[in-house]
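Report on the structure given below.
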Amino acid sequence: MTQRKGEKPVISIQEHMAIDVCPGPIQPIKQISDYFPRYPRGLPPSAPPPKAGQAGPQSPALPSSSSAAASATESDRPNEDKPDRACAGAAASSQASRRDEEPDVEGYDSDDSTTLGTLEFSLQYDQENNALHCTINKAKGLKPMDHNGLSDPYVKLHLLPGASKANKLRTKTLHNTLNPVWSETLTYYGITDEDMVRKTLRISVCDEDKFRHNEFIGETRIPLKKLKPNQIKNFNNCLEKQLPVNKTEDKSLEERGRIMISLKYNTLKSCLVVGIIRCAHLAAMDANGFSDPYVKTYLKPDENKKSKHKTAVKKKTLNPEFNEEFCYDIKYADLTKKTLEVTVWDYDIGKSNDFIGGVSLGINANGERLKHWFDCLKNKDKKIERWHTLTNELPGSLND
């Protein structure tokens, strides 16, 4: 075929519609025109360099195969997208596609879970003592947070849902390390079977900073329903980015804390012995994030108003231990007509004390509170201890 001077080269329909076929996966073709050279406007087409068995540069004829055309395209358009050569073989094409799919690990954000580190710990639910033991063993490969390429890590625990200040526990801080070994056991008291069903333990690793706010490194969350009573379960979890806490959860799930009370009817002295042992996870009432709690008890109805007893004040704590006992002189038969009201208060100087929470035990109570009262009546001269949840309702019409 001859070509006159000034005419554009003519491409046969056979060459235009040619598609290479070879064994292996079908490679996508963006456009047929990608297989043919594109020349800038105003410049004459230049023939590809001569190869063995092909015409020299003077020949105006175009390559007769699409593979040669693709070769010319790649050499003439180095800055444009280059489609894969279909006849290069199935192995080469599949390798190229795998290279496209592999993630660039170095290009990941530094907060990705692959760079935050791992945490090794164990959990045990002591059903008899209503306690959850959390042993923080060690961490590996933590993300560096300081300028020296190290961190000052510590671990803090929260029970969700619930007020974070009221149920926060934390380990000691280890300085200048990315592989800390704590071997420290933290214990939550007052944990019931109901808590084990609906609560989640949040374990966070943070970097302590003396001159700035402490920095978050990573966290992991364990639903307590995964634990079996009185069995130790070991974990080795990768730390994750900080997950948002659901702030729209039901307000009824917010707890004011727990209190451990002991009851015993002493037949020799004909009196009811009420023991205020300890509180746990109390609501924070002061600006410093703590409370100065004390406990008051009443045995109602109290015609002479002599049944009030009060514990000592424990400063700046949300988990106070009291270990105090009070005696009420009362006949055994009259206990069925009485109600024991227990309230927890935050002591304030120069203003009214704040009510934290309360609980009532007696014949008109229900659930664990009623069961505790009946167990006391059925088991004379035996101390019965129980954990009870404090509510934000003031029992009766008590005033501080």
Side-chain angles (χ1 to χ4, degrees), residues 105-106 108-126 129 131-160 162-191 199-224 226-227 231-245 278 280-282 284 288-290 315-321:
V105 177
E106 295 182 356
Y108 274 6
D109 180 49
S110 60
D111 285 337
D112 193 85
S113 60
T114 56
T115 63
L116 297 180
T118 60
L119 182 65
E120 185 177 315
F121 59 97
S122 64
L123 302 176
Q124 181 187 18
Y125 172 47
D126 185 350
N129 297 313
L132 176 64
H133 303 292
C134 313
T135 300
I136 307 299
N137 295 321
K138 59 184 178 180
K140 289 184 179 180
L142 294 180
K143 175 186 173 184
M145 304 299 291
D146 298 336
H147 294 299
N148 60 1
L150 300 173
S151 295
D152 302 317
Y154 67 92
V155 177
K156 62 181 180 179
L157 310 180
H158 290 101
L159 279 176
L160 304 176
S164 60
K165 271 287 185 183
N167 58 37
K168 182 180 75 172
L169 300 177
R170 62 162 287 174
T171 67
K172 59 186 177 183
T173 301
L174 300 181
H175 296 281
N176 296 325
T177 178
L178 299 180
N179 301 285
V181 179
W182 289 282
S183 299
E184 192 171 341
T185 299
L186 307 174
T187 301
Y188 280 105
Y189 295 99
I191 301 298
K199 284 188 176 290
T200 296
L201 179 64
R202 177 189 181 190
I203 306 178
S204 305
V205 181
C206 301
D207 171 64
E208 186 177 278
D209 200 319
K210 293 182 179 179
F211 305 104
R212 297 182 298 175
H213 291 294
N214 295 343
E215 296 179 287
F216 176 85
I217 298 178
E219 71 170 38
T220 183
R221 298 188 183 187
I222 306 297
L224 296 186
K226 290 185 176 182
L227 305 180
Q231 292 186 12
I232 298 177
K233 187 173 180 63
N234 297 311
F235 298 87
N236 190 6
N237 291 8
C238 289
L239 297 176
E240 302 177 276
K241 297 179 182 180
Q242 191 166 15
L243 302 175
V245 178
R278 66 189 304 168
H281 323 321
L282 294 180
N288 60 6
F290 293 96
K315 294 289 186 177
K316 198 177 179 181
T317 179
L318 300 177
N319 299 279
E321 293 189 24

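Every value quoted in this text rests on a predicted model; they were computed, and no experiment measured them.
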Minimum heavy-atom distance between L178 and G149, given as atom pair plus value: CD1-O, 3.6 Å
Under 3.5 Å, is there a donor-acceptor pair between the T173 and E208 side chains? yes
Quick one: CZ on F216 to CG on L116, what's the gap to the nearest 0.5 Å? 7.5 Å
Quick check for you: to the nearest 0.5 Å, what is the distance between T187 atom OG1 and L169 atom CG? 8.0 Å
According to ring pair (Phe, Tyr, Trp, His ring centres under 6.0 Å), who are the partners of F235, at least two apart in sequence or on a separate chain? F121
Minimal heavy-atom distance between S151 and K143, with the atoms involved, is OG-O, 3.0 Å
Which heavy-atom pair separates G141 from N179 by the least distance, and what is that distance? N-OD1, 2.9 Å
Between the OH atom in Y154 and the OG atom in S204, the distance rounded to the nearest 0.5 Å is 9.0 Å
Residues in side-chain contact (heavy atoms from CB on, under 4.5 Å) with P223, at least two apart? T200, K225, K226
Among residues at least two apart in sequence or on other chains, which ones pass side-chain contact (heavy atoms from CB on, under 4.5 Å) with N137? E120, T135
Rounded to the nearest 0.5 Å, what separation is found between the CG atom of L123 and the CG atom of L201? 6.0 Å
For E219, check salt bridge (Lys or Arg N to Asp or Glu O under 4.0 Å) against everything at least two apart and list the hits. R202, R221
Taking ring pair (Phe, Tyr, Trp, His ring centres under 6.0 Å) as the criterion, tell me which of H133, H158, H281 meets it with Y188. H281
With a 4.5 Å heavy-atom cut-off, do C238 and T118 have their side chains touching? yes
For residues C134 and L157, report the shortest heavy-atom separation together with the two atoms involved. CB-CD1, 3.7 Å
Go through the structure and list residues passing salt bridge (Lys or Arg N to Asp or Glu O under 4.0 Å) with E321, not counting sequence neighbours. R278
What do the steps show when you test I191 against Y125 for side-chain contact (heavy atoms from CB on, under 4.5 Å), and what is the final call? CA-CA 8 Å; I191 301 298; Y125 172 47; 4.0 Å; yes
Assess whether side-chain contact (heavy atoms from CB on, under 4.5 Å) is satisfied between I222 and N237, documenting all intermediate values. CA-CA 10 Å; I222 306 297; N237 291 8; 3.5 Å; yes
The side chain to side chain contact (heavy atoms under 4.5 Å, CB included) partner of L119 among N236, I217, I203 is I203
What residues, two or more places apart in sequence or in another chain, satisfy salt bridge (Lys or Arg N to Asp or Glu O under 4.0 Å) together with D209? R212
Interatomic spacing from CG in D146 to CG in D152 - rounded to 0.5 Å: 5.0 Å
Minimum heavy-atom distance between P320 and L282, given as atom pair plus value: CD-CD1, 3.8 Å
Test item: L239 and L142 side chains (from C-beta on) under 4.5 Å apart, heavy atoms: yes
Mind checking the CG-NZ spacing from L174 to K138? Nearest 0.5 Å is all I need. 13.5 Å
